Amino acid sequence: TMTTTTTYVCAIDQGTTSTRCVVYATSTPREARSYVAIANHQLEHEQRYPAPGWCAHDANEIFENACAAMRAAMGAASVGAGDVACVGMTNQRETTVAWRRSDGTALCDAVVWLDTRTKDMCEEFVRDVCEGDAKKFAPVCGLPVSTYFSAMKMRWLLRHCEAVREARDAGDLCFGTIESWLVYKLTNGKSFITDVTNASRTMLMRLDTLQWDDEMCAAFDVPLEALPKIVSCAEEFGHIDASIDRLGGIAITGCIGDQQSATLGQRCDVGEAKNTYGTGCFMLLNTGSTIVPSKNGLLTTMAWQLGGMDKKPVYALEGSVAIAGAVVHWLRDNLGLITNASDIEELARGVKDAAGVSFVPAFSGLFAPRWRDDARGVIVGLTQYVNKGHIARAALDAIAFQSRDVLEAMRQDIAEATSHQLLTLKVDGGASANNLLMQIQSDVLGLTVIRPADVETTARGAAYAAAVGAGLMTEDDIFRDNKLSSTQDETIDFTPKTSHADRERDYARWNAAVERSYNLAESAPECGV
């Protein structure tokens, strides 16, 4: 008689607002669809807003939460450290931590990806270093100069945080993104690494060689010796240290940035795109081995590299929307229009459309494809007829329209560089559970929108990466049969129900509203920090 053995793989999904651990079980680890989430645990962490436009996290709290979430999820799954084959890590990208190499002490709060404290520094850098061209370094790193990427956050910390400067002067400084910090802490300082996807978001890595670029480091005043070693997304990075309660000995074999991880979890092959609806919206298109430069305001970035630095790198185009699900939280927390985020769907369903209202949630400027950090939020087209249902509907419309802006840019870029055509959009993330939003998205795009049964694709991608890194499966295994629906139940397809004329009219109205959001940042009152 054959006995089936169960293999357990953990994924840590360290996000902007919370840290989650998911335990997957499979009896056929080479089959991507056989990985079933059997337990998960999620812990929120504090959002610190020390000044307008600033956002910070306590790096220690994030590390403690990662350990606690892992213990709780493993407990719920009734598995111990000895039962877990490996753990994969996926994380909010760009968020930057500085710590002491000698003892692993965080030197200051982590500066979060959406933090805009470096705005003035960016403007000065574009003027003085880039001769006015924010895209000067895009051919090297794929990215424009922006508050978003880690290098400018590192530069800011070196200028404004004395403890960081002291560590640099003592040769004791580590700079890293969240996965770097977590692996360092979990291995008790034995592994100081970053994977290619996270490294590709710093502005300091060359996309062609996948190595730190001396010239870029010099331009940003970031000491090369403070940076981690760049590794692939799937290989053995070390083992969790014995000093860590109930987790000691587990192999860490996957590291991948959250949006890349969701793309992998969705099993998006070359020419396929996914959109993740979280705090922000992130759309990634797998461009295979082609580095596609964007002429339409997108980022050229890594998709992944699985199984070691000698394996083929896979590239992507990415467009990010700063405020997506966050607009729903704003309606809940700041205006009190709803009690739970999930109430937005019912409220918005109470009206047939937004009654001419457009809501551009440019709370901290606009990301791709416009890159206007002078934009601020506007709600336009108000009449006495408008009620809170229309505002709710306009907020959902905004998420869909911002995603269309990105998709249009992608279509243009790939038409110039490849033979691929975008025919469908795969979706995931918290807000993808909103059926009304997904229908609006399909209507706005004129494309079929496909939602998998398991929308926690970010954790799933980290589990796949870890499985490849541990030798349980191969990259080819992940994409085999990816046209079939997932194990757990059928995927859901949303198809367009509006006419082409209506779609274009609504999109034109959105574009007109976006124009009205520009040049508003200057009038905001200055706040003392």
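Remember, it's a predicted structure, so these values are computed and weren't measured experimentally. Along the sequence shown, residues carry numbers from 1.
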[X] (side chain) donor-acceptor with [Y] (main chain) under 3.5 angstrom:
{"X": "Glu272", "Y": "Asp269", "answer": "yes"}
{"X": "His329", "Y": "Asn334", "answer": "no"}
{"X": "Asp115", "Y": "Cys55", "answer": "yes"}
{"X": "Ser191", "Y": "Ile193", "answer": "no"}
{"X": "Thr300", "Y": "Val292", "answer": "yes"}

Hey, are the side chains of [X] and [Y] touching, using non-hydrogen atoms and a 4.5 Å cut-off?
{"X": "Val314", "Y": "Gln305", "result": "no"}
{"X": "Met309", "Y": "Ile230", "result": "yes"}
{"X": "Tyr184", "Y": "Lys190", "result": "no"}
{"X": "Arg509", "Y": "Ser358", "result": "yes"}

Practice item. Step by step, work out the side-chain contact (heavy atoms from CB on, under 4.5 Å) result for Val231 and Phe237. Key: CA-CA 9 Å; Val231 294; Phe237 307 119; 3.4 Å; yes
Exercise for review: Start with the C-alpha gap between Val126 and Asp133, add the side-chain angles, then the distance that decides, and say whether side-chain contact (heavy atoms from CB on, under 4.5 Å) holds.
Suggested key: CA-CA 6 Å; Val126 169; Asp133 177 16; over 6 Å; no
Is a side-chain donor-acceptor pair under 3.5 Å present for [Y] with [X]?
{"X": "Gln42", "Y": "Ser18", "answer": "yes"}
{"X": "Gln92", "Y": "Gln14", "answer": "yes"}
{"X": "Thr197", "Y": "Arg93", "answer": "no"}
{"X": "Thr194", "Y": "Glu179", "answer": "yes"}
{"X": "Thr209", "Y": "Gln211", "answer": "no"}
{"X": "Thr457", "Y": "Gln266", "answer": "no"}
{"X": "Ser294", "Y": "Asn296", "answer": "no"}
{"X": "Tyr464", "Y": "Glu475", "answer": "no"}
{"X": "Asn91", "Y": "Asn198", "answer": "yes"}
{"X": "Ser232", "Y": "Glu235", "answer": "yes"}
{"X": "Lys426", "Y": "Thr424", "answer": "no"}
{"X": "Asp172", "Y": "Ser102", "answer": "yes"}
{"X": "Gln47", "Y": "His57", "answer": "yes"}
{"X": "Asn275", "Y": "Ser403", "answer": "yes"}
{"X": "Thr90", "Y": "Thr458", "answer": "no"}
{"X": "Asp405", "Y": "Tyr507", "answer": "yes"}

Thinking salt bridges, do [X] and [Y] make one under a 4.0 Å N-O criterion?
{"X": "Arg127", "Y": "Glu124", "value": "no"}
{"X": "Glu456", "Y": "Arg460", "value": "no"}
{"X": "Glu94", "Y": "Lys153", "value": "no"}
{"X": "Glu504", "Y": "Arg404", "value": "yes"}

So, for [X] and [Y], which heavy atoms are closest and what is the spacing to 0.1 Å?
{"X": "Gln259", "Y": "Lys274", "answer": "OE1-NZ, 2.8 Å"}
{"X": "Ile256", "Y": "Ala465", "answer": "CG2-CB, 4.4 Å"}
{"X": "Met152", "Y": "Val145", "answer": "CE-CG1, 3.7 Å"}
{"X": "Ala226", "Y": "Arg101", "answer": "CA-NH2, 4.2 Å"}
{"X": "Thr19", "Y": "Ala66", "answer": "CG2-CA, 3.7 Å"}
{"X": "Leu173", "Y": "Ala98", "answer": "CD1-CB, 4.1 Å"}

Review point. Aromatic rings Phe137 and Phe125: how do their planes relate, parallel, tilted or perpendicular, breaks at 30° and 60°?
Key: tilted
Check your understanding: Which of parallel (below 30°), tilted (30 to 60°) and perpendicular (above 60°) describes Phe63 and Trp181?
Key -> perpendicular
Check your understanding: Can you check side chain to side chain donor-acceptor pair (under 3.5 Å) on Ser146 and Trp371, steps first, answer last?
Key -> CA-CA 8 Å; Ser146 158; Trp371 297 104; over 6 Å; no
Check your understanding: Is it true that atom NZ of Lys295 has more than 12 heavy atoms of other residues, nucleotides or ligands lying nearer than 6.0 Å?
Key -> no
Practice item. Tell me, with the steps shown, if Val196 and Cys233 meet side-chain contact (heavy atoms from CB on, under 4.5 Å). Key: CA-CA 7 Å; Val196 288; Cys233 301; 3.9 Å; yes
Name each donor-acceptor pair under 3.5 Å that joins a side chain in residues 154-170 to protein atoms two or more places apart or in another chain, with its distance.
| residue | atom | partner | partner atom | Å |
| --- | --- | --- | --- | --- |
| Arg155 | NE | Asp221 | OD2 | 3.4 |
| Arg165 | NH1 | Leu158 | O | 3.1 |
| Arg165 | NH1 | Arg159 | O | 2.8 |

Is the distance between the ring centroids of [X] and [Y] under 6.0 Å?
{"X": "Trp212", "Y": "Phe220", "answer": "no"}
{"X": "Trp54", "Y": "Tyr49", "answer": "no"}
{"X": "Tyr315", "Y": "Trp304", "answer": "no"}

Practice item. For Trp330, check ring pair (Phe, Tyr, Trp, His ring centres under 6.0 Å) against everything at least two apart and list the hits. Key: Phe359, Phe363
Point to revise | Counterpart residues, ring pair (Phe, Tyr, Trp, His ring centres under 6.0 Å), relative to Phe401 (two or more places apart) | key: Trp510
Review point. Does the pair Arg201 and Ser150 meet the rule for a side chain to side chain donor-acceptor pair (under 3.5 Å), with working shown?
Key: CA-CA 7 Å; Arg201 314 297 292 189; Ser150 313; over 6 Å; no
Practice item. Apply side-chain contact (heavy atoms from CB on, under 4.5 Å) to the pair Leu520 and Asp374, showing each step before the final yes or no. Key: CA-CA 6 Å; Leu520 293 177; Asp374 60 316; over 6 Å; no
Practice item. Quick one: do Asp241 and Thr187 satisfy side chain to side chain donor-acceptor pair (under 3.5 Å)? Show the steps, please. Key: CA-CA 5 Å; Asp241 193 72; Thr187 61; over 6 Å; no
Review point. For the side chain to side chain contact (heavy atoms under 4.5 Å, CB included) test, which of Leu207, Leu306, Asp208, Leu210 pairs with Pro313?
Key: Leu210
Review point. How far apart are the C-alpha atoms of Lys119 and Glu123, what are their side-chain angles, what is the distance that settles it, and do they pass the salt bridge (Lys or Arg N to Asp or Glu O under 4.0 Å) test?
Key: CA-CA 6 Å; Lys119 183 174 178 288; Glu123 285 169 12; 3.1 Å; yes
Review point. Atom SG of Cys174 and atom CH2 of Trp99: how far apart are they, to the nearest 0.5 Å?
Key: 5.5 Å
Practice item. Mark yes or no: Arg372 above the aromatic ring of Tyr518, with NZ or CZ under 6.0 Å from the six-membered ring centre and no more than 45 degrees from the axis. Key: yes
